[in-house]
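Have a look at the structure below before the remarks.
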Amino acid sequence: MGLPWYLRPNLFLHADMLDQLDELNSSASSSHADDLRQDKEIEGLKKRVTELEDQLLALEKVLSLHGLLPPMPEEEPETPETPQDIPAVFPARTEEVIACPRCGRRQKGNRDSCYACGLSFQYENE
């Protein structure tokens, strides 16, 4: 005598569940692979941005030496006595190019902070 109908294994259901399990496992591994690929791409882009910033700084130095840009600020070692949280104060916002007092990067004078080092900018007329 065999098993009653409710205890008999449903082989089609079991095969379908195994297929779904395989599909979930493959999607999880492909998702992990996508995450790793994106992390690698982000690291490559960060490296490229750093290279481009260095090239821009070198170009700014050359242009300032030839008088096409204002002179570059002297690079001074950062002193530990200077608190990092004190913002740089400028007279007014402007569309002109200014140099960040902390890192020397040139940028428009209408920003709230330096794009390179994050130093906060304040304006006296605001």
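None of these values were measured; they are calculated from a predicted model. Hydrogens, waters and symmetry mates play no part in the numbers below; they use all other heavy atoms, side chains included.
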Check: F121 and P87 side chains under 4.5 Å, non-hydrogen atoms
no

Return the CG to OG distance between L119 and S113, rounded to the nearest 0.5 Å.
8.0 Å

Please confirm whether the backbone N or O of T94 pairs with a side-chain atom of Y123, one donor and one acceptor, at under 3.5 Å?
no

CZ (R111) and OG (S120) are apart, to the nearest 0.5 Å, by 11.5 Å

Do K40 and E43 sit within salt-bridge range, that is, some charged N less than 4.0 Å from a carboxylate O?
no

Within the structure provided, determine whether Q107 and C100 are in side-chain contact (heavy-atom separation under 4.5 Å).
yes

Any side-chain to backbone donor/acceptor pair from E124 onto A92? Under 3.5 Å, distance only.
no

Are L68 and L59 connected in a single hydrophobic cluster, I mean Ile/Leu/Val/Met/Phe/Trp/Tyr linked by side-chain heavy atoms less than 4.5 Å apart?
yes

So for atom CD, which belongs to E23, do other residues, nucleotides or ligands contribute more than 12 heavy atoms lying within a distance under 6.0 Å?
no

Run the salt bridge (Lys or Arg N to Asp or Glu O under 4.0 Å) test against R93 and tell me which residues pass, sequence neighbours left out.
D112, E126

Would you mind reporting whether D54 and E51 have side-chain heavy atoms less than 4.5 Å apart?
no

So for atom CD, which belongs to E41, do other residues, nucleotides or ligands contribute more than 12 heavy atoms lying within a distance under 6.0 Å?
no

To check you understand the geometry: which heavy-atom pair defines the closest contact between C103 and A116, and what is its length?
SG-CB, 4.0 Å

Distance (rounded to the nearest 0.5 Å) between Q122 CD and I86 CD1:
10.5 Å

With rounding to the nearest 0.5 Å, note down the distance linking CD in Q55 to OG1 in T50.
11.0 Å

Would you say Y115 and R105 make side-chain contact, with heavy atoms under 4.5 Å?
yes

Compare all side-chain heavy atoms of L57 with those of E53 and state whether any distance is below 4.5 angstrom.
no

Look at E95 together with K108 and state whether they make a salt bridge at an N to O cut-off of under 4.0 Å.
yes

